[in-house]
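One structure is given here, and the rest of the page talks about it.
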Amino acid sequence: MVDHQYRLVIDGQSIATEGTFDVLNPSDGQVVGAAPKATVAQLDQAVSAAQTAYEKWSKADDTTRQKACVAIADTLRDHAEELAQLLTLEQGKPLNGMGSRYELGGAEAWARYTAGLELPVKVLQDDNQGRVELHRKPVGVVGSITPWNWPLMIAIWHIVPAIRTGNTVVIKPSPLTPLSTIRMIELLNTVLPAGVLNCVTGENDIGAAMSSHPGIAKIVFTGSTETGKKIMAGAAATLKRLTLELGGNDAGIVLPDCDSRQIAEGLFWGAFINGGQTCAALKRLYVHEDIYEDVCRELTSFAATVKVGDGLSEDSVLGPVQNRMQYQKVKDLVNDAKGRGGRILIGGNSDDNAPGNFYPVTLVADLNNGDRLVDEEQFGPALPIIKYSDLDEVIRRANDNPNGLGGSVWGRDIAKAKKVASQLECGSVWINKHGAIQPNVPFGGVKGSGLGVEFAEDGLAEYTTIQVIFQ
Ligand code: NAD
């Protein structure tokens, strides 16, 4: 697909733009393709097309909408390899491991599961006083703004529930990974009525224009907390509905009864899935002093076995950092940690002159809250490890963060682990694993990690408004 002409998708048509921008391969810095740079006038066209399509789509019967979502899942299945190759080229993640093929598999599974969800009319009262029914209605045009870490799966998380419930969509992917989204939207347009799903790509100004656009009724956004705040401010004047999935700085707490060898692999992938560029990855690891050195040793030996390389190589299981800004951020945080007495167990140095944005898998022990690598979301392949002795104190430290997306507790005594879990201030807590998400379970953050949830009936309901009918 490198020779493909990437264009906007508006009203089922491929639309050229005057300007384009280059998209780079994070493994070698080479240009993967040119993405169209939409103007705000082209965004307006996309919103108008979505508004026109909404008139019919919002009235389509439930079976039609359900079938369309199944067709989306089938299309993803039929084009999975093509999309995975393109995703690896622009995102950097490997084809294998929990990389591009895994992401496409997830996108299909989410689409298929969501297609089968229902929000039936709820009878709230039916007696001699009268009958009251609660109906769910679509909101209108949904604006979807997506990040660069899991671009296709997150796009599907936004698009499918919106379409399933009778809305139409304008999606704007990250300028760092727009090509795979454009291609996916082109393919999905072959199974959807014109105007139901539109795609505009451009720079951040397009996202800002979407937030304040009077023709968009809801924004679903996945990205950083700072951008989420700007979107919320931009959306205020038009009172948009919002679902905001924002940053995370998930803590994991390892209790003293753990077997260090047994948990090492789960801890590693909880933190390093997608090279740590995952919202609900384990980003701070607190380990009880009794097993602290054991856990450090086991994690280091597991980390040493992991093959990092160009994503297109079939034996890589981790790729480069997606972009130079993020690479520099991870590097700065690790350097800061070193300066504050952090002990590098593995990794910790990179070659700025080597091709691509490769940063090694890095474990830094002996840090604490107050160190930047602990307090800030690193969003890359570097994990701080913190020693603790008192359980109440470690729960306080885990909660001492503006984010509240996920968390995990590791221990053999499950009742005790669950008691600790219930005290963590976050939307999801896992016991003896980290970051597992499923389409039948709502997912969302508390505190600075966002507003609302995605997935399952609760997530679907966010694409609707309530109307009650009294009779
Ligand atoms: P980002 O906030 O920089 O960008 C996300 C999207 O917002 C991009 O499409 C970008 O072009 C757009 N954007 C930028 N400025 C905008 C503005 N002023 N108005 C509207 N849109 C604007 O985030 P990112 O760096 O692409 O993604 C990484 C972040 O996303 C991390 O913080 C991560 O934790 C978070 N994330 C959260 C979840 C979740 O489910 N909670 C999932 C994945 C990623």
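Just so it is clear, the model here is predicted, and its values are computed rather than measured. Ligands are counted one by one from 1 in listed order, and the atoms in each one are counted from 1 as well.
Of all atoms in ligand 1, numbered sequentially from 1 with element shown, those under 4.0 Å from a heavy atom of Ile231 are 19 (N), 20 (C), 21 (N). Every atom of ligand 1 with a heavy atom of Gly247 under 4.0 Å away is listed here by number and element: 32 (O), 34 (O). For ligand 1, the atoms sitting less than 4.0 Å from at least one non-hydrogen atom of Gly207 are 19 (N), 20 (C), 21 (N), numbered in the order shown with element in parentheses. Using a 4.0 Å cut-off to heavy atoms of Gly248, the atoms of ligand 1 that qualify are 34 (O). Counting the atoms of ligand 1 from 1 in the order shown, those under 4.0 Å from a heavy atom of Leu405 are 41 (N). Counting atoms of ligand 1 from 1 in the listed order, those under 4.0 Å from a heavy atom of Lys230 are 18 (N). Residue-ligand proximity, Pro173 to ligand 1, at heavy-atom distances under 4.0 Å covers atoms 9 (O). Atoms of ligand 1 lying under 4.0 Å from at least one heavy atom of Phe443, given by number and element, are 40 (O).
Close N/O approach between Asn149 and ligand 1 is not found [any backbone or side-chain N/O within under 3.5 Å]. Considering both main-chain and side-chain atoms, Thr222 never comes within under 3.5 Å of ligand 1 through any nitrogen or oxygen pair.
Taking atom 5 (C) of ligand 1 as the reference point, the nearest protein heavy-atom neighbour is Phe221 CE1, 3.7 Å. For atom 12 (C) of ligand 1, the nearest protein heavy atom (residue, atom name, distance) is Ile145 CG2, 3.6 Å. Nearest to atom 33 (C) of ligand 1 among the protein's heavy atoms is Phe379 CE1, 3.2 Å. In this structure, atom 19 (N) of ligand 1 lies nearest to the protein heavy atom Ala208 N, 3.4 Å. In terms of protein heavy atoms, atom 10 (C) of ligand 1 is closest to Asn204 OD1, 3.5 Å. Remark: minimum distance from atom 41 (N) of ligand 1 to any protein heavy atom is reached at Leu246 O, 2.7 Å. Protein heavy atom closest to atom 24 (P) of ligand 1, with residue, atom name and distance, is Trp148 NE1, 3.4 Å.
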Task: salt bridge (charged side-chain N to carboxylate O under 4.0 Å, His left out) between Arg7 and Glu186, intermediate numbers included - done: CA-CA 9 Å; Arg7 301 234 161 109; Glu186 282 175 2; over 6 Å; no
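Relative to the ring axis of Trp150, Lys93 places its NZ or CZ within 45° and under 6.0 Å from the centre. With a 6.0 Å cutoff to the six-membered ring centre and a 45° limit on the axis angle, Lys329 does not count as a cation-pi contact of Phe379.
In the model, Ser449 has no side-chain atom that pairs as donor or acceptor with a side-chain atom of Lys447 under 3.5 Å. Of the N and O atoms on the side chains of Arg397 and Asn368, at least one donor lies less than 3.5 Å from an acceptor on the other residue. For the residue pair Arg324 and Asn357, a side-chain donor N or O sits within less than 3.5 Å of a side-chain acceptor on the partner.
Contacts between Trp150 and ligand 1 below 4.0 angstrom, taking non-hydrogen atoms only, are absent altogether. Within the 4.0 Å heavy-atom criterion, neither part of Thr225 lies near ligand 1. Counting heavy atoms closer than 4.0 Å to ligand 1, residue Glu245 contributes atoms from both its backbone and its side chain. With a heavy-atom cut-off of 4.0 Å, Thr278 does not touch ligand 1 at all. Residue contacts with ligand 1, taken as heavy atom pairs separated by less than 4.0 Å, involve Glu377 solely via side-chain atoms from C-beta onward.
A salt bridge is absent between Lys283 and Asp250: the closest approach of a Lys/Arg side-chain nitrogen to an acidic carboxylate oxygen does not fall below 4.0 angstrom. No salt bridge links Glu18 with Lys37; every basic N to acidic carboxylate O contact stays at or beyond 4.0 Å. Residues Asp352 and Lys331 are paired through a salt bridge, judged by an N-O separation under 4.0 Å between the basic side chain and the carboxylate.
For atom 26 (O) of ligand 1, a protein non-hydrogen atom is found at a distance below 4.0 Å.
Residue Ile206 places every heavy atom at 4.0 Å or more from ligand 1. Residue Gly450 places every heavy atom at 4.0 Å or more from ligand 1.
In this structure, Glu108 contributes its side chain and Leu76 its backbone to no donor-acceptor pair below 3.5 Å. Distance alone, capped at 3.5 Å, is enough to place a donor-acceptor pair between the Asn198 side chain and the Asp11 backbone.
In this structure, the ring of Tyr286 has its center no less than 6.0 angstrom from the ring center of Tyr388.
Ring geometry, Phe455 versus Phe443: the interplanar angle falls under 30°, so the pair is classed parallel (tilted spans 30 to 60°). Using cut-offs of 30° and 60° on the angle between ring planes, the pair Tyr6 and His4 is perpendicular.
Among Thr227, Asn323, Thr146, the residue whose heavy atom sits closest to atom 6 (C) of ligand 1 is Thr146. When Ala280, Pro175, Ser224 are ranked by how near their heavy atoms come to atom 23 (O) of ligand 1, first place goes to Ser224. When Pro178, Ala235, Cys279, Gly223 are ranked by how near their heavy atoms come to atom 38 (C) of ligand 1, first place goes to Cys279.
Here the side chains of Gln91 and Leu152 are not in contact, with every heavy-atom distance at 4.5 Å or above. In this structure, Pro381 and Thr362 have side chains that are not in contact, with every pair of non-hydrogen atoms separated by 4.5 Å or more.
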